[in-house]
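Shown next, in C-alpha cells, is the structure this report addresses.
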Amino acid sequence: MSAAQGEPFRGFGHGKVILVGEHAVVHGHAAVAAGISTGIAVTARPGNGTLRIGAWGLQAAAGDGTPVGRALEAIQRRIEAPALAFEGDARIPSRAGLGRSAAMAVAVARAAAAASGRVVPPETIEAAVQAAEEVFHGTPSGIDAAAAKSGRVGRFTRAGGWQPIPVLQPITLCIGLSGKPRDTAAQVAAVARLRDRLAAAGEALALLGRLADDAAGALGKGDVDGLGRIFDVAHGLLAAVRVSSPELDTLVHAARAAGAVGAKLTGAGGGGAVIALAPAHERDVLARWRAAGFDGFTAEIAATPAEVR
Ligand code: MEV
C-alpha cells in the first residue's frame, strides 16, 4: 500500500552505546560499540519536509536553517525521495551520548528510502546518514551511524568499517544519565588539541584502542567479568584525556559501590551517560543512582543468533 493511500513508510534506527574506544576511534584506533534494542521509529507520509519528535519536543523542517533542518535536507538530497513529513517515536533520551542523532538519521533515511519507490543501495543510505551526522558533529568517525544501522555488537575502525562481533549470551547494561548534555564536536576537538600537545595523550588513545580489542575478545568468550575490568581501565584513560566530569565519576563510583564489576562513561563524555556491568546487581545500581539524584535504566545487548555467528 502506498503512503498516498494512508499507510506510512517506516524506518528504525537503534540507539547505541560505545563499549570501549570512544575518542580513540576518531584517531584511527579500534572501538567496540553495540546497537541497543531501543531507538527511534520514524514514519513518513507525503508532506513538506518536516520532522516532529514529540518526546524530544523537536520540530524542524528542511530549509529552516536549524541543524536538524540541514540534516533533513542532506538526507533528502541523497535519497531523492518525494517531499515527506516525518514523525518520530523516540525511546532513547536526547543528548545523552546514546547516539540519538545517528539513530534519527538512520530512521529518517530508511523511511525516505522506503518512500522513494526505488531500491536504494546501502551505500546511499550510509552516505545520507554520514552527511546528516556531519551537520551535527563536524567530522564523526562513523561508529554511531554503523551501530544505529546494525543494532548488534561490532568492532569499528575508520579504515575497516564495521565488523560484527558474535556475542554468546545476552548482556544487561545499566545506563546512568548524568543529566548534563554533551557536545560531541567540542569534546572531540578538545581531545585532539590535547593529543597534539602531549604525546602521552596520544598513547592513552592508542591504549584505549587496544582495550577495544581486548573487549572484543572478552565478548567472544562471554567473559562479562573481564569486560567489566576493561570498562574500569577505559574510564581511567578517558578521565586522563579529560572527557569525564564530576557527575560521570560519581555515577561510575556509585555503580562500583553497588556491585558493578565495571563502569565507564560512554560516548563523547563531558556529560551524557555511563554504562555499568552488574550481573545480578542491576537493581542495586539503579537504586544507588536514584538515591544520588540520577536517572538510569537497563538495556539489553542481544546474543547473536546462532545462524549468523
Ligand atoms: C561519539 O559517540 C563517539 C566519539 O568517538 C566521536 C566519533 O567517533 O565520531 C567521541
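Heavy-atom basis, side chains included; hydrogens, waters and symmetry copies ignored. These numbers come from a predicted model, not from an experiment. Every number for a ligand or one of its atoms is a count from 1 in the order of the listing.
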* Residue among T298, I301, T266 satisfying side-chain contact (heavy atoms from CB on, under 4.5 Å) with L173 ->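 It is I301; the other options fail the test.
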* To do: Evaluate the criterion side chain to side chain contact (heavy atoms under 4.5 Å, CB included) for residue pair H235 and L265; output intermediate values, then yes/no.
  => CA-CA 6 Å; H235 185 76; L265 71 86; 3.9 Å; yes
For residues 274-296, tabulate all N or O donor-acceptor pairs below 3.5 Å that involve a side-chain atom, not counting sequence neighbours.
residue : atom : partner : partner atom : Å
H281    : ND1  : D284    : OD2          : 2.9
E282    : OE1  : A280    : N            : 3.2
W289    : NE1  : L251    : O            : 2.9

* To do: In sequence, state the C-alpha distance, the side-chain angles, and the governing distance for E133 and S101, and then conclude on side chain to side chain donor-acceptor pair (under 3.5 Å).
  => CA-CA 7 Å; E133 280 287 89; S101 65; 2.6 Å; yes
Only distances under 3.5 Å count here; give the side-chain donor-acceptor pairs of residues 51-62 to other protein atoms, sequence neighbours excluded, each with its distance to 0.1 Å.
residue : atom : partner : partner atom : Å
R52     : NE   : E87     : OE2          : 3.2
R52     : NH2  : E87     : OE2          : 2.7
W56     : NE1  : I92     : O            : 3.0

For ligand 1, which of its N or O atoms have a protein N or O partner closer than 3.5 Å, and how long is each gap?
residue  : atom  : partner : partner atom : Å
ligand 1 : 2 (O) : K16     : NZ           : 3.2
ligand 1 : 2 (O) : D144    : OD1          : 2.9
ligand 1 : 2 (O) : D144    : OD2          : 3.1
ligand 1 : 5 (O) : H23     : N            : 3.0
ligand 1 : 8 (O) : S141    : OG           : 2.6
ligand 1 : 9 (O) : S141    : N            : 2.8
ligand 1 : 9 (O) : S141    : OG           : 3.4

Under 3.5 Å, sequence neighbours excluded: what are the donor-acceptor pairs made by side chains of residues 207-214?
residue : atom : partner : partner atom : Å
D213    : OD1  : R155    : NE           : 2.6
D213    : OD1  : R155    : NH2          : 3.4
D213    : OD2  : R155    : NH2          : 3.4

